[in-house]
Amino acid sequence: MDLFGSILSVAFFAQVLRLFTPYYLGASAANFSERSGVVNIAIEGFMISAAFSFALFSIVFGNPFAGMFFALIIGILLSLLFALFTIKLKVNQIIAGVGFNLLMAGASKFLIVLIFKSSSNTSRFESFYQIPLLKDIPVIGNISGDYIILFSFALVFIGNHILFKTRFGLRLRSAGENPAAGESLGVNVRLYKLYGVLICGFLASLGGIWLASNQNTYSDGMIAGRGFIAIAAMIIGKWKPVNIFFACIMFAFFEALEILLQVSMPDFPTQIIQMLPYFITILVLIGFIGKTKPPAADGISY
Amino acid sequence: MKAVEFKNITKTFGNFRANDDISFSIEKNSIHCILGENGAGKSTLMKVLFGSYKKDSGEIYVNENPVNFKSPLDAIKSGIGMLYQHFMLIEDFTILENVILGSEITAKTGINYTESKRRLNSLIDKYKLDLNLDDKVSDISIGAAQKTELLKLLYRDSEILIFDEPTAVLSPIEVENFFKIIRNFKEDGKTIILITHKLNEVKEIADEVSVLRKGKLVYSVKRENLDIKELGKQIIGDLELSIVISDDNLQAPEAKAEFEEIDVLLSLQNITLTENGLTKLFNINLDLHKGEILGVCGVEGNGQSELIELISGLNKNYTGLYSKNVRKISLVPDDRLKKGMIKEFSIGENLLMRLPGKNVFSKRLLKEKEQEVIAEYDVRVPEVGDIMENLSGGNQQKAIVAREIKLNCDVIIFSQPTRGVDIKASSFIHQKIYNEKMNGKGILLVSADLDELLALSDRLAVLFKGKIVKIFAGDEFLSGKQNSKELIGKIGQLMIGMEL
Ligand SMILES: Nc1ncnc2c1ncn2[C@@H]1O[C@H](COP(=O)(O)OP(=O)(O)OP(=O)(O)O)[C@@H](O)[C@H]1O
Ligand SMILES: [Mg+2]
């Protein structure tokens, strides 16, 4: 099989766009939180908990939309808890994040065994109904018919508009840049931090939901570090929705390439490809691809 | 009518009484100055009025109605605006974003930028603020940052304006402009509360004055009975000292007219510095000698900060020859909060951080060093070991000056050393600078305060658009100092680019 032919094919391109979805949702989640000044490294944890609870409730209710509804509610409740720790009680944000990551990973493992009597999977559940008409477009049907994928594309523009063109975004960013200045002008800084954390929980959960829905099951370890890669994408994207889009496309491209190589050239050491995105991340972090500067008050309790 | 009335206001931080049972009132449509030493409680009282600090007890009336502001938002809604002692600007935002934050004009889909710009530009034109709304605050000068703060108040149409040491950062010409703006405000019926350490400004503009000392109101006087000497005495609370200090012109110590080639410590020859295509310094020729105070003046943003960065070694992208005969140079930077200290550290920690040969130190040494500074420089701290952020502005400055002098380098750069410092501490810092000169140090004194420059400098270089347009030296300078009014006039003209 001709490797370059496959890379240039529409199917490969479609695959990139699909893999892009969880990265972009996770990276946008992290970005909204950090723009409000709260570092949330628990994106991975939020994705795990949403993927698992989505699977659980989809099975319980026999309906993935019900599953999604409850998974999002749980995601938002958990982010309220995260906000309680980080904004109200001013616990160190990194420590809280590590705690949440460990908690979600552990809890999902435990519950799988408890509820599904399996060490690795939930049972299977039904897929989302795809969007009529759009799902019938040839080749890209499973992209254009997917609510969450479409939403994640729209999010590039919505996110950019909200952050940079609206009152809400301006105030949210002021909380992340210089909360004292915002407060001196009457901005309720902590409230905006709360919004940032809640939006983060919502978007990260959606990313987790998509991953589980894609497999029609939740299996332990399926998030596979995407929550952390999403944070890297946010940094490479310099906390800007449009740049983050390109960073996520890059990560998705390498992941798709890896899958392709595993199939077409089984002897090729795919670890090299796996390594590439991280290598690029490091290059970015040490300043090869322009300077990256987080919001000035990122990670500082206020 | 009373615009503001304080009744028995008390505010404590721990056991420390920053405001102690303060009562007085501020007439509507007047300019009311509040004076007092560093740490007297001026900023605290204003923050209490503005709702950013919660008072322990007492009552506040605004326009004769009792108020109880829970946050600045409440105060803003009641028509109060405050310009903080330290800028409250978001570096990463544009001027426009900084100004509209919290009071945005919105359309259906988001912020209405066209309308916001239209409104702001008309204010900018009306008050001649000369700002470009799309500039990022991280790129603008201190003068422009100040104007951005003013624009924030104008935009919110505040009726009662609190200015906490607004002139500390401005050059004399900018101060004049600022006062013009303030007088316009008064003509528009607004009430102005002005905190300052400069008594000549008070004389010029105040309708009424209140003096705080150690958290208490100690003196109030109306314009008719204003007497600068008396004010000085009330501020310091010590008659003898005040006579020494409030002497209208600072005592001018002997200035040296001649320097030897052999005493050159630093030498700049044909130095040019370009940044992003803009020439920041052009063909600078300057020597600094042992035992010399070389003054540098200019309107903010005419190359002073670049000159300092270059000399202190922070910027190496120049052309020309820069040679130095000293190993280390110490620097008291202009922006103390950002460049001068780690504000989450105590005085002692900030000191030891810079002091050579103290890699390992005990708590005791830390405390000892801190107490040394506190005692020697009369730094007022709420508590020994408290973090720098909790010190009043002037006290932070004293601590930094103390640290840099203690480093004992052969060259010391002072940039705005007495910015925000009270009259007593100013004269103290001046004395210290003078002592260092007598110890044979070379001192570069960059300041916006011409009185300070004239009193201390042996030579004075005037910067305009990155060029040294004149160096006052020798007999011309010394005799000029006798008639300082005329000399200041000349310098002022040079600073804005007028040829003599
Ligand atoms: N947040 C705080 N925590 C503890 N102490 C504080 C705090 N804010 C101010 N103080 C203390 O209260 C006193 C009064 O401070 P304030 O800032 O009101 O002084 P000031 O009169 O404005 O002085 P300056 O002229 O130097 O600005 C100072 O001794 C200061 O150290
Ligand atoms: Mg103050």
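So that the names make sense, note that chain A is the first sequence line, chain B the second, and so on, each numbered from 1.
Contact of B:K77 with chain A is not made at all, since no heavy-atom distance falls under 4.5 Å. The part of B:S103 that comes within reach of chain A is its backbone (N, CA, C, O), which places non-hydrogen atoms under 4.5 angstrom from that chain. Proximity to chain A is limited to the backbone of B:L89, based on heavy atoms less than 4.5 angstrom apart. Heavy-atom distances place the side chain of B:Y84, and not its backbone, under 4.5 Å from chain A. Proximity to chain B involves both the backbone and the side chain of A:A180, based on heavy atoms less than 4.5 angstrom apart. Proximity to chain A (any heavy atom under 4.5 Å) is shown, for B:S52, by neither the backbone nor the side chain. Heavy atoms closer than 4.5 Å to chain B are found nowhere in A:Y192, neither backbone nor side chain.
Comment: B:D92 does not engage A:R173 in a salt bridge, judged by the lack of any side-chain N to carboxylate O separation of less than 4.0 angstrom.
Side-chain N or O atoms of A:R171 include one that pairs as donor or acceptor with a backbone N or O of B:G102 at under 3.5 Å. Without hydrogens or angle criteria, A:H161 side chain to B:G110 main chain gives no donor-acceptor distance under 3.5 Å.
Minimum interatomic distance between B:P72 and A:S184 (heavy atoms only, all atoms of both residues): CB-O, 3.8 Å. A:T166 and B:T109 make their closest contact through CG2-O, 3.9 Å (heavy atoms, listed as atom of the first residue, atom of the second, distance).
Other residues, nucleotides and ligands contribute over 12 non-hydrogen atoms within 6.0 Å of the NZ atom of B:K339. The environment of CZ in A:F157 is sparse: at most 12 heavy-atom neighbours from other residues, nucleotides or ligands sit within 6.0 Å. For A:F69, the CZ atom sits in a loose shell: 12 or fewer heavy atoms of surrounding residues, nucleotides or ligands are nearer than 6.0 Å.
Atom CZ of A:F164 and atom CD of B:E97 lie 8.5 Å apart (nearest 0.5 Å). Note that CZ of A:R167 and CD1 of B:I105 are 10.5 Å apart. Values are rounded to the nearest 0.5 Å.
Proximity to chain B at a heavy-atom threshold of 4.5 Å picks out nothing from residues 144-152 of chain A.
Residue with the most contacts toward chain A among B:E91, B:K47, B:R156: B:R156 (heavy-atom pairs, distance under 4.5 Å).
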Legend entry - Stepwise side-chain contact (heavy atoms from CB on, under 4.5 Å) test for B:M88 and A:E183: CA-CA 10 Å; B:M88 284 288 187; A:E183 192 152 72; over 6 Å; no
For A:L170 and B:F93: C-alpha separation, side-chain torsions, deciding distance, then whether side-chain contact (heavy atoms from CB on, under 4.5 Å) applies. CA-CA 9 Å; A:L170 190 70; B:F93 279 17; 3.7 Å; yes
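Checking each of B:N98, B:L73, B:L101 against A:L185 for a side-chain contact (heavy atoms from CB on, under 4.5 Å) leaves exactly one that passes, namely B:L101.
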